[in-house]
Amino acid sequence: MTRVLVTGGCGFVGSNLVATLQRAGGFEIVVLDDESLGSRANLQDFSGTFLKGDIADRGLVRRALADVNVVVHLAAHTRVIESIETPEKTFHANVAGTFGLLEECRRAGIRRFVNASTGGAIVGDVVPPVTEEFPPRPLSPYGASKLATEGLCSAYTASYGMACVSLRFSNIYGPGSLHKGSVVAHFLKQVLALRPLIVYGDGTQQRDYLFIDDLVEGLVRVLKSDATGTFQLGSGKGTPLNELIAIIGRVTGRSLDVRYEAVRTGEIHSTWNDTAKARAAFGFDPRTSLADGIARTWDWFRAQQADGRPLG
Ligand SMILES: NC(=O)c1ccc[n+]([C@@H]2O[C@H](COP(=O)([O-])OP(=O)(O)OC[C@H]3O[C@@H](n4cnc5c(N)ncnc54)[C@H](O)[C@@H]3O)[C@@H](O)[C@H]2O)c1
């Protein structure tokens, strides 16, 4: 049995990972989450241990780490725009929180630490495809905080022999993202609420959309590997926003009210990840087409609406 601590396990990625690990068997799961963004209600049929609280609470973290072999660190303040408004909050959760967690892991003798990092927010405005070799140039306190976690992980591997791996996720979408403000979740909620889709710019901007099941499969592969360092995860493709909107139109069968407005300053035009390093190191192999992923996400969002859950 592998005992895994998933910080942020009540969130979008965490709740999907926990469900997959539970289905796979062979894992005892501990979730630590302060429910600031996610909710315990997202962990349906969860039979592991749930601890509610802040990752900066060292005593609580110590309890959460009892007999744990592997840590998957997803807890973070994840809102980019809010990080610009309240950088201190982002620093507390993401940088100080990760440092405290790593320190407790060191004391507890944890050998494997998987850290959630981010793609575009770290590298800034560069010509894609982005590789791990691009020099980091974060554009927001959120991006800077994630870069700091990568630095800490690198130091804990080099200084203490902890096998840390940082994974730079692209734009993740899928079931479980009702509380998210990312583009797919936001647009699907707008469609359900019969509200317009606002595009900043002409819609040619490209992003790398990765379906949650493909990400979770990658996380499980990483858990079982001994890869250390930094890896990018994504679909490996850039999709223009106009193409995403066309797919949403086809999948939902609705006629969409799309409105174009001025570009927002500070926004990256286009980014997508080269994922060759992750493929070579642990066989990362995302397979879900955007059309299939959007269809599965739409079905799930419609079910939430039918259950009366607020769309936000
Ligand atoms: N979803 C994406 O597209 C994406 C892209 C790049 C990186 N990431 C990273 O992946 C990880 C998971 O993202 P997500 O989409 O599931 O986000 P999420 O907001 O759904 O989940 C984050 C979880 O962490 C919890 N949390 C926040 N601060 C905490 C604290 N101080 N102590 C304990 N729990 C805390 C929240 O309650 C929430 O359940 C994050 O680290 C995020 O930065 C996500």
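When a ligand or atom number is given, it counts from 1 through the structure's own listing order. Because only heavy atoms are used, hydrogens play no part in the values below, and waters and symmetry mates are left out as well, while side chains stay in.
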Q.
Taking Leu74 as the starting point, is it possible to reach Phe282 by hopping between hydrophobic residues whose side chains are less than 4.5 Å apart?
A.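 In one cluster with Phe282: Leu74, yes.
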Q | Path from Val114 to Ile212 over hydrophobic side-chain contacts below 4.5 Å | A | yes
Non-hydrogen atoms of [X] versus ligand 1: any pair closer than 4.0 Å?
X      : answer
Tyr142 : yes
Cys10  : yes
Lys146 : yes
Ser15  : no
Ser36  : yes

Q. Between Phe50 and Arg40, is there a cation-pi geometry (under 6.0 Å to ring centre, at most 45° from the normal)?
A.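 Yes, Arg40 lies over the aromatic ring of Phe50.
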(Q) Suppose we call two aromatic rings close when their centres sit under 6.0 Å apart. Are Phe231 and Phe284 close by that rule? (A) no
Element-labelled atoms of ligand 1 that are located less than 4.0 Å from some non-hydrogen atom of [X]:
X      : result
Gly53  : 32 (N), 33 (C)
Phe169 : 5 (C), 6 (C), 7 (C), 8 (N), 9 (C), 10 (O), 44 (C)
Phe12  : 1 (N), 15 (O), 16 (O), 20 (O)
Thr118 : 6 (C), 7 (C)
Leu37  : 19 (O), 36 (C), 37 (O), 38 (C)

Q) Do Asn273 and Thr275 have side-chain N/O donor and acceptor atoms under 3.5 Å apart? A) no
Q.
Is there a polar contact between ligand 1 and Gly11, counting only N or O atoms under 3.5 Å apart?
A.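 Yes, since at least one N or O of Gly11 sits under 3.5 Å from an N or O of ligand 1.
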Q) Short N/O distance, under 3.5 Å, between Ala75 and ligand 1? A)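 It does not: no N or O of Ala75 is found under 3.5 Å from an N or O of ligand 1.
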Q. Are Arg107 and Glu103 ion-paired here, with the side-chain N under 4.0 Å from a carboxylate O?
A.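 So Arg107 does not pair with Glu103 through a salt bridge.
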Minimum non-hydrogen distance to [atom], winning option of [options]:
atom                    : options                : result
atom 26 (N) of ligand 1 : Asp34, Val31, Val184   : Asp34
atom 14 (P) of ligand 1 : Lys180, His179, Lys89  : Lys180
atom 7 (C) of ligand 1  : Ser177, Ser117, Ala116 : Ser117

(Q) Once you restrict to heavy atoms under 4.0 Å, what part of Ser182 touches ligand 1? Side chain, backbone, both or neither. (A) neither
Q) Side chain, backbone, both or neither: which part of Glu35 has a heavy atom under 4.0 Å from ligand 1? A)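 Contact part for Glu35 vs ligand 1: backbone (N, CA, C, O).
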To check your reading of the model: name the closest protein heavy atom to [atom], its residue, and the distance in Å.
atom                    : answer
atom 31 (N) of ligand 1 : Asp54 OD1, 2.9 Å
atom 12 (C) of ligand 1 : Leu74 O, 3.6 Å
atom 42 (C) of ligand 1 : Thr78 CG2, 3.4 Å
atom 27 (C) of ligand 1 : Ala76 O, 3.1 Å
atom 3 (O) of ligand 1  : Ile172 N, 3.0 Å
atom 38 (C) of ligand 1 : Gly38 N, 3.3 Å
atom 39 (O) of ligand 1 : Asp33 OD2, 2.6 Å
atom 16 (O) of ligand 1 : Val13 N, 2.8 Å

Q. With under 30° as parallel and over 60° as perpendicular, where do the rings of Phe99 and Tyr156 fit, or are they tilted in between?
A. perpendicular
Q: If the plane angle is over 60° it's perpendicular, under 30° parallel, otherwise tilted; pick one for Phe113 and His73.
A: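 Rings of Phe113 and His73: tilted, as their planes differ by 30° to 60°.
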Q: Report the residues that fulfil side-chain contact (heavy atoms from CB on, under 4.5 Å) with Leu37, sequence neighbours left out, ordered by chain and then residue number.
A: Thr78, Arg79
Sub-3.5 Å donor-acceptor pair from the side chain of [X] to the main-chain atoms of [Y], do we have one?
X      : Y      : value
Gln205 : Gly203 : yes
Lys277 : Thr230 : yes
Lys146 : Asn94  : no

Q: Give me the one residue out of Leu244, Ile247, Leu290 that meets side chain to side chain contact (heavy atoms under 4.5 Å, CB included) with Val184.
A: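 So, applying the side chain to side chain contact (heavy atoms under 4.5 Å, CB included) to Val184 and each of Leu244, Ile247, Leu290, only Leu244 qualifies.
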**Q.** For Arg137, all residues meeting salt bridge (charged side-chain N to carboxylate O under 4.0 Å, His left out), sequence neighbours excluded
**A.** none
